[in-house]
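In what follows, a structure is listed as structure tokens, so that the remarks can point back to it.
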2 protein chains.
Amino acid sequence: MSTAHDVLFRTLADPTRRALFERLCREGEKTVGALTARAGVSQPVVSKHLGILKQAGLVRDRHEGRHTHYSAQLGALTPLVDWTSQMAGFWQSRFDDLEDLLRRMDQ
Amino acid sequence: MSTAHDVLFRTLADPTRRALFERLCREGEKTVGALTARAGVSQPVVSKHLGILKQAGLVRDRHEGRHTHYSAQLGALTPLVDWTSQMAGFWQSRFDDLEDLLRRMDQ
DNA sequence: CTAACACATACCCCAATGGCTATACGATAA
DNA sequence: TTATCGTATAGCCATTGGGGTATGTGTTAG
């Protein structure tokens with residue numbers, strides 16, 4: 001089974017790929033050429049990473065003539081936020097249990 | 001350069017490792033043996049993953065006789081939350097810029 | 001129609017990494 | 001002290017995956 005946050009963590013684990021996503025978040029829509037210019041890797045590598053980001057739902061592409069524009073899809077980060085708050089929730093409830101225990105012991 | 005969220009994404013990208021961390025969040029402190037029992041991998045592999053989680057600051061270990069107890073360090077997730085809200089922030093501010101532009105064009 | 005362009009795909013290479021078994025090491029039990 | 005137990009480390013192997021170059025495909029310019 002491959003859960004949503006599984007895909008997100010895997011996809012965002014690579015620095016080059018994450019840098020591409022960050023640029024799209026900061027600077028908005030960009031063409032492959034513009035992204036390649038400052039990516040530090042070759043154009044085919046950029047295209048491959050963008051493909052992986054797209055599969056993860058993190059980016060969208062829009063074709064315009066012979067250019068392809070990519071943009072960040074921020075909503076795709078939701079499962080990541082959910083996972084994080086779920087972990088925090090488990091931790092909190094165990095803390096609450098401890099508090100309960102201490103309170104009962106106090107009586 | 002290896003930023004904090006860089007380490008976190010890399011560390012949490014592996015399913016086995018993330019499962020260990022999740023169990024520690026859900027069920028609290030556990031020994032290596034207890035974790036190995038349901039991990040689906042060998043004890044040395046569990047130990048290795050726990051070592052990586054520890055390096056990332058995601059878990060703590062406590063030695064008690066010949067047992068080692070591991071527990072989740074939830075605070076270590078903070079850089080992940082920060083990164084996410086930073087990305088959301090960039091997206092939001094670009095949206096605000098667009099709103100400003102449209103408002104000025106409207107006059 | 002042809003050439004140049006923007007991007008995607010195919011293919012190969014190599015380093016990183018996750019899994020294993022064997023073993024070392026510290027602590028306890030006998 | 002010796003045997004056993006719990007965990008960590010060492011060494012090995014197979015796979016994954018990120019990087020490159022070469023080339024395919026569709027589009028616009030001349």
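FYI, side chains are in, hydrogens and waters are out, and symmetry mates aren't considered; it's all heavy atoms of this structure. What you see is a predicted model; the values in this text were computed from it and never measured. Numbers restart at 1 for each chain; the letters A, B, ... are given by sequence-line order, proteins then strands.
For B:Tyr70 and D:dG6, the shortest distance from a side-chain N or O to OP1 or OP2 is not below 4.0 Å.
When all heavy atoms of A:Leu24 and A:Val59 are compared, the closest pair comes out as CD1-CG1, 3.7 Å.
To the nearest angstrom, P of D:dT7 lies 13 Å from CG of B:Leu20. Rounded to a whole Å, the NZ atom of B:Lys54 is 14 Å from the P atom of D:dT7. A:Arg62 places its CZ atom 14 Å from the P atom of C:dA8, with the value rounded to the nearest Å. If you measure from atom NZ of A:Lys30 to atom C1' of C:dC7, you get 17 Å, rounded to the nearest angstrom. Separating the NE2 atom of B:His67 from the C1' atom of C:dA29 is a distance of 12 Å, rounded to the nearest angstrom. Distance CG (A:Asp61) to C1' (C:dC7): 11 Å, rounded to an integer number of Å. Look at NE2 on B:His69: it is 13 Å from C1' on C:dA27, rounded to the nearest Å. Rounded to a whole Å, the CD atom of A:Gln55 is 11 Å from the P atom of C:dT9.
Rounded to the nearest 0.5 angstrom, B:Leu50 CG and B:Gln43 CD are separated by 9.5 Å. Note: B:Asp61 CG to B:Lys54 NZ = 3.5 Å, rounded to the nearest 0.5 Å.
Within the 3.5 Å criterion, the main-chain N or O of B:Ala13 finds no donor-acceptor partner in the side chain of A:Arg10. A:Arg17 places a side-chain N or O within donor-acceptor distance of the main-chain N or O of A:Thr11, the cut-off being under 3.5 Å. Side-chain N or O atoms of B:Arg18 include one that pairs as donor or acceptor with a backbone N or O of B:Leu12 at under 3.5 Å.
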Under 4.0 Å protein heavy-atom contacts per nucleotide of nucleotides 18-30 of chain D, with B for base, S for backbone only and - for none: SBBBB----BB--
